[in-house]
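As structure tokens, the structure follows; a few thoughts come after it.
The sequence lines fix the lettering, A, B, ..., with proteins before strands; numbering per chain opens at 1.
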Amino acid sequence: ELKVEQNPLFLSMQEGKNYTIYCNYSTTSDRLYWYRQDPGKSLESLFVLLSNGAVKQEGRLMASLDTKARLSTLHITAAVHDLSATYFCAVGSQGGSEKLVFGKGTKLTVNP
Amino acid sequence: DAGVIQSPRHEVTEMGQEVTLRCKPISGHNSLFWYRQTMMRGLELLIYFNNNVPIDDSGMPEDRFSAKMPNASFSTLKIQPSEPRDSAVYFCASSTGGPGGELFFGEGSRLTVL
């Protein structure tokens, strides 16, 4: 059974600082996604990572995937308050299933 | 283009009542997913459909839950009878179903069972 673990679950950081969120998963997968959720809102897709070594960047966020280590990272550069949200990674099941298993999420608070 | 549309956005009901949540996927998307989000358990997949056919319903909690997709543009999730532990946000999502199928989520239906 595919299990997805994120850490940290809570992250409080100051504006201008850098930090990394980690996403580990338990079985082989060929696709990983990062989503953002604001309080009381829906989930917004940030990145789609489909191959080993994939790296995607958008603004102050950069995501990477290491399928051999079963690890993805979401790196935040020079954080700003607007990045405060909960970030989820989601991993695709193998065997032709379209099912995505989500991590518990990392609640990020960026303080001025 | 309209995204995934869910209704109702909020529902408050009493234990034992029937609840029906509705979802309209993005036009042209072949796969539809129902997820439930709670503080304790996070996001859990309840069921997903491909081309209107249920593919994986292993996440449906018990017989009180049922889901249908009578056509490509409409799905329902029904809870009968509802219980307080069913209180959660229920999200519907759709995707094209192809490789790298990214899920697009609706705004969710917040259910409170008293």
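Few gaps surround CE on B:Met60; more than 12 heavy atoms of other groups in view lie less than 6.0 Å from it. At most 12 heavy atoms of other shown residues, nucleotides or ligands fall within 6.0 angstrom of atom CG in B:Asp63. In B:Arg64, the CZ atom is crowded: over 12 heavy atoms of neighbouring residues, nucleotides or ligands sit closer than 6.0 Å. Environment of CZ in B:Phe74: crowded, with over 12 heavy atoms of neighbouring residues, nucleotides or ligands closer than 6.0 Å. Residue B:Glu62 places its CD atom among more than 12 non-hydrogen atoms of other residues, nucleotides or ligands, all under 6.0 Å distant.
Residues A:Gln37 and B:Phe91 have side chains in contact (heavy-atom distance under 4.5 Å, counting atoms from C-beta outward). A 4.5 Å side-chain heavy-atom check between B:Phe33 and A:Leu100 finds every atom pair outside the cut-off.
Not one N or O on the side chain of B:Tyr48 forms a donor-acceptor pair closer than 3.5 Å with the backbone of A:Ser97.
Neither the backbone nor the side chain of B:Met39 comes within contact range of chain A, judged by heavy atoms closer than 4.5 Å. With a 4.5 Å cut-off on non-hydrogen atoms, A:Lys104 touches chain B through its side chain but not through its backbone. With a 4.5 angstrom heavy-atom cutoff, B:Glu44 does not touch chain A via any of its atoms.
Nearest heavy atom pair, residue B:Glu102 against residue A:Tyr33, reads CA-CE2, 3.8 Å. When all heavy atoms of B:Leu43 and A:Phe102 are compared, the closest pair comes out as CD1-CD2, 3.6 Å.
Chain A forms the most heavy-atom pairs under 4.5 Å with one residue out of B:Gly108, B:Gly106, B:Ala93, and that residue is B:Gly106. Counting heavy-atom pairs under 4.5 Å between each of B:Val4, B:Val89, B:Leu103, B:Asn50 and chain A puts B:Leu103 at the top.
Note on A:Val80: it clusters hydrophobically with A:Ile21, by side-chain heavy-atom contacts below 4.5 Å among ILVMFWY residues. Hydrophobic clustering (ILVMFWY, side-chain heavy atoms < 4.5 Å, transitive): A:Leu65 and A:Ile76 are in one cluster. Residues A:Val91 and A:Phe47 share a single hydrophobic cluster, defined by chaining ILVMFWY side chains whose heavy atoms lie under 4.5 Å apart.
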Margin query: Set out, in order, the CA-CA distance, both residues' side-chain angles and the distance that settles side-chain contact (heavy atoms from CB on, under 4.5 Å) for B:Tyr35 and A:Leu43, then state yes or no.
Written below: CA-CA 11 Å; B:Tyr35 279 85; A:Leu43 284 85; over 6 Å; no
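Once rounded to the nearest 0.5 Å, the distance linking CD1 of B:Ile55 with NZ of A:Lys99 reads 13.5 Å.
Within the structure, the side-chain hydrogen bond (donor to acceptor under 3.5 Å, both in side chains) test picks out no pair touching residues 13-26 of chain B (sequence neighbours left out).
Counting only N and O atoms by type, the side chains of A:Ser42 and B:Glu107 include no donor and acceptor under 3.5 Å apart.
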